[in-house]
J.: 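Dropping the structure in here first, questions after.
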Amino acid sequence: MRVLWFGRWLRAGAAAMVPAGPPRAAAELLAHLERLALVDFRDAEGVERLQKAIQFADRLQEVNTDGVEPMDSVLEDRCLYLREDNVTEGNCTKELLKNAREKVEEYFVAPPGNIPLPKLDEQETFLQGS
Amino acid sequence: MAAVAARGCGGAVCRRAWQRGVARKARGGAVPAGKSGLAPWVPVVGLEIHAQISSNSKLFSGSQVQFAAPPNSLVSFFDASLPGTLPVLNRRCVEAAVMTGLALNCRINKKSLFDRKHYFYADLPAGYQITQQRVPIAVNGSLSYSLCIDNKMSQMVTKTVRIKQIQLEQDSGKSLHDDIRSQTLVDLNRAGVGLMEVVMEPDMCCGEEAAAAVRELQLILQALGSSQAVMAEGQLRVDANVSVHHPGEPYGVRTEVKNINSLRFLAKAVDYEIQRQIEELENGGTILNETRAFDSKLGCTVPMRDKEGKQDYRFMPEPNLPPLILYDAKSLPANVSHQQVVNIDWIHERLPDLPSVKRAKLVEQYGILPEHSFTLLQNEDGLTEFFENVVKQTQMKPRKVIGWILNDLLSYLKQHSLTVKESPVSSFLLADLLNLLEKKEISAAAAKQVLAELWKGEGKTPLEIVKEKKLELIQDQKELEQICQVVIDGHENEVMAIKAGNRKVLNKLIGLVQRETHGRSNPVLVKQLLEKKLSE
């Protein structure tokens, strides 16, 4: 069952390089996605929801799109409005900083660099348990 | 430009096959072979240049673009990525990109698209950058630049680098790393400022070529006004992609070098990285496809922190922006307001003279050498204007004037770290001095003395200084003849040598006359008089 599931996942174009089959490879793909998008599939239910979402999107494959230009947006025929080069915004430092949990002299405060996520082996993913 | 145009290192003009051994200090010199039998290395250098667009407001919002303002004061809700905000494209930024594309001989895409490039960093509040990955605004151009073959600026060769594309994209904010308190301070003033990313194909082979290409691009951008391109203020940022391979083999693994803040450092960083890669490979190591930072203090490249393997940017079309459509004279739509239409032909007609055209005009108009035109345009702001003003006010030929500008004036300016506008010697004063020289009222040596005096900026005119220091050439021919006679009479041996056929000794006599007159005699005239007397 799992093998079929991942096969379908591949057709949805998730990632070109991960082979179907062994759970290890799928776990790596999942971990990769979690890292990229900063989401956490967390448990079997989460992964199943993902699976259902992919199955739902898969139905697009049933339409024959040979020779049809892909559409990125329903706006594609609209005119892209061009704004004149005038200064009309800004100067609202106080308001913006109201959203900041921490600030130092009108700077936003962030952690030093990106916090590295734990490596795959260190992670507790549900797939490892199975 | 001229006929000799070699792209990158294909031609014989670029003998930069790098071989094992100690690199010669000579600028751009080939590395001599050490052990015999070792194959030469071919370095490959490509550049990604980000030029900040010179505009009043940002690319997609109406906040001001300004260097050094109070933190987070030039930030709109959109720049801070607050929900419910949308990007609105700035027309001036589009025009700047079209101008630059035309100046670099690109094909302007009449339809270009915007995309999102996703990555996480504190100074990118949206979590993505709006850029043009699929169809950028301009593609397939070229940039011609010149290099001197030797150190004396006497032989120049023209090279070309292909421009892969130019795309519009957003700048990110600025991060200040506070390692002591283990935190990063973020200022979003720069977030959203318009950038033109110019991607140059890997047609270059060393630091010198890279620096020359970027310098020419800088001059072009400044001539167009599309970017002020001052590297020190971060308006022009260069990342270099470097790899090495043996001739005939496929390209090697490349590294990306960042944190280069000046043209000089660009050349150094590229050359260091080439050398590092060669040494690594010759010692049996491998090159990682990584990003390295240039450490200007140590003069080397180091791996950058925060690099977690290859990034996956998950490019997707920007759903809030329809395609950008540009028009030309033929395709102008009838029922759209002028303000909403960017006409490529209209922009093309109004392009200012590019540096290469300016240089050619200077050479043609004034009869100076191409190398001179380069120095005029390359080194100093206002130097060309100064030169032209002097030429207007003096009878001396431009070809002679240029020597005084480039050798004397420029070296004084450099010694005292002054710009042309700060020069204590105005074009009027210099022209005045050169007129005295031209009218043969003083000698060239005396003129240099006067210039040194003028440099003090005490408000004296050249004529006043000449009189003060008694530098005028002796105009009275009889007086000169007398002095010549005295010298001849006092040096029988030399006279005999000259009459016997040794003409070189004549110079000694001329020198003696000069000494007698304290440098106030015209050597040409003295020579004539001596020769006349000796032949009597």
Side-chain angles (χ1 to χ4, degrees), chain A residues 13-18 28-39 69-120, chain B residues 55-57 60-65 70-80 82 88-94 113 118 120-123 125 127 173 175-179 181-188 305-306 308 312 314 316-325 336 339-342:
Chain A
M17 57 289 187
V18 179
E28 277 173 11
L29 175 59
L30 259 184
H32 183 61
L33 281 176
E34 285 184 324
R35 216 181 303 263
L36 282 182
L38 288 189
V39 299
E69 268 295 302
M71 175 204 254
D72 343 299
S73 158
V74 291
L75 298 174
E76 65 178 17
D77 287 331
R78 299 280 291 276
C79 252
L80 176 51
Y81 177 75
L82 295 173
R83 182 175 57 84
E84 277 303 304
D85 186 25
N86 298 320
V87 176
T88 55
E89 304 177 276
N91 249 318
C92 47
T93 321
K94 251 171 129 183
E95 255 182 302
L96 289 173
L97 287 174
K98 272 194 210 156
N99 286 327
R101 190 182 62 178
E102 251 189 275
K103 48 181 171 272
V104 169
E105 276 179 43
E106 300 188 322
Y107 286 95
F108 292 103
V109 179
N114 282 339
I115 303 169
L117 290 167
K119 292 215 186 325
L120 183 62
Chain B
S55 61
N56 299 326
S57 57
F60 292 117
S61 73
S63 348
Q64 193 181 6
V65 175
N72 292 308
S73 62
L74 308 175
V75 185
S76 68
F77 289 175
F78 171 77
D79 304 325
L82 298 186
V88 186
L89 183 55
N90 179 338
R91 188 205 157 82
R92 156 70 188 159
C93 294
V94 177
L113 306 170
H118 298 81
F120 291 108
Y121 210 66
D123 58 26
S175 297
L176 300 173
H177 297 287
D178 182 357
D179 292 321
R181 281 176 214 84
S182 204
Q183 62 189 13
T184 300
L185 302 181
V186 178
D187 172 14
L188 296 177
R305 62 171 182 166
D306 241 347
E308 312 149 17
D312 181 343
R314 295 178 293 146
M316 68 175 251
E318 168 56 61
N320 293 323
L321 294 170
L324 172 61
I325 310 290
V336 182
Q339 196 271 333
Q340 287 299 313
V341 169
V342 174

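Just so it is clear: chains get the letters A, B, ... in the order the sequence lines come, proteins before strands, and each one is counted from 1.
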J.: Any idea which of B/Ser175, B/Pro323, B/Cys93, B/Pro71 has the most non-hydrogen atom pairs under 4.5 angstrom with chain A?
T.: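 Maximum pair count with chain A is reached by B/Pro71.
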J.: Taking all atoms of both residues into account, what is the closest heavy-atom pair of B/Ser61 and A/Arg83, and its distance?
T.: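 Nearest pair, atom of B/Ser61 first, then A/Arg83: O-NH2, 2.8 Å.
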J.: Hey, does B/Leu185 have a side-chain heavy atom less than 4.5 Å from the side chain of A/Val109?
T.: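 Side-chain contact under 4.5 Å: yes.
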J.: Examine whether an atom of B/Phe78 lies under 4.5 Å from a heavy atom of chain A, and if so say whether it belongs to the side chain, the backbone or both; otherwise answer neither.
T.: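 No part of it gets close to chain A.
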J.: For B/Asn72 versus A/Leu96, what's the shortest heavy-atom pair and its separation?
T.: O-CD1, 4.3 Å
J.: Has B/Ser76 got a side-chain atom pairing as donor or acceptor with A/Gly90's backbone, closer than 3.5 angstrom?
T.: no
J.: Contact part of A/Asn86 toward chain B, heavy-atom cut-off under 4.5 Å: side chain, backbone, both or neither?
T.: backbone
J.: Could you check which of A/Glu102, A/Glu84, A/Arg78 has the highest count of heavy-atom pairs closer than 4.5 Å to chain B?
T.: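 Option with the top pair count is A/Glu84.
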J.: With respect to chain B, which residue among A/Val104, A/Asp85, A/Thr93, A/Leu80 yields the maximal number of heavy-atom pairs within a distance under 4.5 Å?
T.: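 Going by pairs under 4.5 Å, I would pick A/Asp85.
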J.: Heavy atoms only, distances under 4.5 angstrom: which of B/Gly127, B/Ala80, B/Ser55 has the most pairs with chain A? Name it, please.
T.: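 Of the candidates given, the most pairs with chain A belong to B/Ser55.
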J.: Just by modelled atom types, is the B/Asp187 backbone N or O under 3.5 Å from a matching donor or acceptor in the A/Glu106 side chain?
T.: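 No; judged by distance alone, with no hydrogens or angles, the pair does not exist.
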J.: Which answer fits A/Thr88, side chain, backbone, both or neither, if we ask what part of it has an atom under 4.5 Å from a heavy atom of chain B?
T.: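 Contact with chain B involves both backbone and side-chain atoms of A/Thr88.
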J.: Side chain, backbone, both or neither: which part of B/Asn320 has an atom under 4.5 Å from a heavy atom of chain A?
T.: backbone
J.: Please state whether the side chain, the backbone, both or neither of B/Val94 comes within less than 4.5 Å of a heavy atom of chain A.
T.: side chain
J.: B/Phe77 and A/Glu95: side chain to side chain contact (heavy atoms under 4.5 Å, CB included), yes or no, with the steps?
T.: CA-CA 10 Å; B/Phe77 289 175; A/Glu95 255 182 302; 4.0 Å; yes
J.: Chain A: which of B/Gln183, B/Arg92, B/Arg181, B/Gln64 shares the most heavy-atom pairs with it under 4.5 Å?
T.: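 The option with the most such pairs is B/Gln183.
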J.: State the CG-CG distance between A/Asn91 and B/Leu74, to the nearest 0.5 angstrom.
T.: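 One gets 7.5 Å once the value is rounded to the nearest 0.5 Å.
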J.: Heavy-atom cut-off 4.5 Å, strictly under: side chain, backbone, both or neither for A/Glu105 against chain B?
T.: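 The backbone, not the side chain.
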J.: Quick check for you: among B/Ser73, B/Gly173, B/Pro70, which has the greatest number of heavy-atom pairs under 4.5 Å with chain A?
T.: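 Option with the top pair count is B/Ser73.
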J.: Determine the minimum heavy-atom distance between A/Ser73 and B/Pro319, stating which atoms define it.
T.: OG-O, 3.7 Å
J.: I need the residue from B/Met316, B/His118, B/Gln340 with the largest number of non-hydrogen atom pairs under 4.5 Å to chain A.
T.: B/Gln340
J.: If you compare all heavy atoms of A/Pro112 against all heavy atoms of B/Ser182, which two are closest, and at what distance to 0.1 Å?
T.: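 Taking every non-hydrogen atom into account, CD-O, 3.2 Å.
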J.: Side chain, backbone, both or neither: which part of A/Asn99 has an atom under 4.5 Å from a heavy atom of chain B?
T.: side chain
